Peer 1: 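Below: one structure in structure tokens.
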Number of protein chains: 2
Amino acid sequence: MVLSSPPAAALAGDEARALLKALADPLRLQVIEALGQGERCVCELTGELGLAQSKLSFHLKVLREAGLIDGRQQGRWMYYQLRPEAIRALQQWLGELASSCQTPAQPCC
Amino acid sequence: MVLSSPPAAALAGDEARALLKALADPLRLQVIEALGQGERCVCELTGELGLAQSKLSFHLKVLREAGLIDGRQQGRWMYYQLRPEAIRALQQWLGELASSCQTPAQPCC
DNA sequence: AAATTAGATCAACAGGAGTTGATGTATCAA
DNA sequence: TTGATACATCAACTCCTGTTGATCTAATTT
């Protein structure tokens, strides 16, 4: 279990956006939730989620390129897992956002 | 300042997805970051971000419907602010995701 | 070496999300 | 009451993102 998260470098707006965009798809979110349980082989994911192979592969690529998941090849299988650093970084970015948003507006115009 | 977040009800996958989708747009993220500084009037946002009025209005609507921001009308001006509950809920959802993802896969197939 | 299997990649297509300019509505000023 | 201002909404268009089925590559088995 991860008790304390690694210091998670502060995220630039662009980086946060890339992560959010990769997460903001129903199918990719299913994949992410499945990987939230632990590492999975592609063939397991295909079965669990009932997806066409090329479809899953497409979304795994998006997640990989966003840095949300990592893959390791073993023989002819491919295992993917979440990258908790990415999740933690996004989490932290959200936290900063929420911390200072209560300032009332000065009357404008 | 918000020291402890309100208990933030656990988020269903669908709800998390809606929040993520609303956040995953470059323009909306700019709006969100501006509102991260505190409440803003629409005319201020238009100026700060250099946006066409109808464009901004469109994105504010998306954010409002996702529950990420709240608006209050004052005279003929509209003030928007972030809803920290929404941010916190998403933050928590991400945390749960990251906490159990290190389980190695049992060899599959 | 030939056949099989896992997964990645590609091209063509389809649908949805964002943009733009115009119009609508409510509030305030003159 | 008339005009101006702030913002929302709408219709038409554009473009990007995801889907589908086929093909490609690499590892494995026989």
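Residue numbers start from 1 in every chain, and the chains themselves are labelled A, B, ... in the order their sequence lines are given, proteins ahead of strands. On a predicted model such as this, the values are computed, not experimentally measured, just so you know.
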Peer 1: Would you check if A/Asp25 and A/Val62 make a side-chain contact, meaning some heavy-atom pair closer than 4.5 Å?
Peer 2: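 Of all side-chain heavy-atom pairs linking A/Val62 with A/Asp25, none is under 4.5 Å.
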Peer 1: Could you check which residues of residues 16-34 of chain B get a heavy atom under 4.0 Å from DNA chain C? Sort them by number, please.
Peer 2: B/Lys21, B/Asp25, B/Leu27, B/Arg28
Peer 1: Given side-chain contact (heavy atoms from CB on, under 4.5 Å), test B/Arg64 with B/Ile69 step by step and report yes or no.
Peer 2: CA-CA 5 Å; B/Arg64 210 184 327 121; B/Ile69 64 177; 4.2 Å; yes
Peer 1: Which pairs pass side-chain hydrogen bond (donor to acceptor under 3.5 Å, both in side chains) with one or both residues in residues 26-41 of chain B, sequence neighbours excluded?
Peer 2: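 Only B/Arg28-B/His59, B/Glu39-B/Arg72, B/Arg40-B/Glu48 qualify under side-chain hydrogen bond (donor to acceptor under 3.5 Å, both in side chains).
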Peer 1: In whole Å, I'd like the distance from the CZ atom of B/Phe58 to the C1' atom of D/dA12.
Peer 2: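 Nearest whole value for this atom pair: 14 Å.
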Peer 1: Between atom CZ in A/Arg64 and atom C1' in C/dG7, what is the gap in whole Å?
Peer 2: 10 Å
Peer 1: Please report, rounded to the nearest Å, how far the P atom of C/dG18 is from the NZ atom of B/Lys61.
Peer 2: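 Checked: the NZ to P distance equals 13 Å.
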Peer 1: Using atom CG of B/Leu51 as one end and atom C1' of C/dG21 as the other, report the distance to the nearest whole Å.
Peer 2: 16 Å
Peer 1: Assuming nearest nucleotide by heavy-atom distance, tell me which of A/Ala52 and B/Leu60 is located more 5' along DNA chain D.
Peer 2: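 Nearer the 5' end of the strand: B/Leu60.
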Peer 1: Run the side-chain contact (heavy atoms from CB on, under 4.5 Å) check on A/Arg88 and A/Gln91 step by step: do they pass?
Peer 2: CA-CA 5 Å; A/Arg88 300 275 180 212; A/Gln91 218 190 345; 3.6 Å; yes
Peer 1: Once you round to the nearest 0.5 Å, how far does CG of B/Leu82 lie from CD1 of B/Ile32?
Peer 2: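 The distance works out to 5.0 Å.
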Peer 1: Going hydrophobic residue to hydrophobic residue with side-chain gaps under 4.5 angstrom, can you get from A/Leu49 over to A/Leu60?
Peer 2: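 Yes.
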Peer 1: I'd like to know whether A/Leu45 forms a side-chain contact (heavy atoms from CB on, under 4.5 Å) with A/Leu51, so could you lay out the CA-CA distance, the side-chain angles of the two residues, the decisive distance to 0.1 Å, and finally the verdict.
Peer 2: CA-CA 8 Å; A/Leu45 288 172; A/Leu51 295 178; over 6 Å; no
Peer 1: Tell me the closest heavy-atom pair linking B/Ala12 and B/Glu15, and the distance in Å.
Peer 2: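 Heavy-atom minimum between the residues: N-OE1, 2.7 Å.
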Peer 1: Out of C/dT19, C/dA8, C/dG7, which nucleotide sits closest to the side chain of B/His59?
Peer 2: C/dT19
Peer 1: Identify whether any heavy atom of A/Tyr80 sits under 4.0 Å from a base atom; if not, whether one sits that close to sugar-phosphate; answer base, sugar-phosphate or nothing.
Peer 2: sugar-phosphate
Peer 1: Whole angstroms only, please: what is the CZ-P distance between A/Arg72 and C/dA6?
Peer 2: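 Atom CZ in A/Arg72 sits about 17 Å away from atom P in C/dA6.
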Peer 1: Could you state the atom-to-atom distance from CG of B/Leu56 to C1' of C/dG21 in whole Å?
Peer 2: 16 Å
Peer 1: What does nucleotides 21-30 of chain D look like as a protein-contact string, B for base, S for sugar-phosphate only, - for none, at under 4.0 angstrom between heavy atoms?
Peer 2: BB----BSS-
Peer 1: Indicate the atoms forming the closest heavy-atom contact of B/Gly13 with B/Trp93, along with that distance.
Peer 2: CA-NE1, 4.4 Å
Peer 1: Find the distance B/Met78:CE to C/dA26:P and express it as a whole number of Å.
Peer 2: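 The distance from CE of B/Met78 to P of C/dA26 comes to 14 Å, rounded to the nearest Å.
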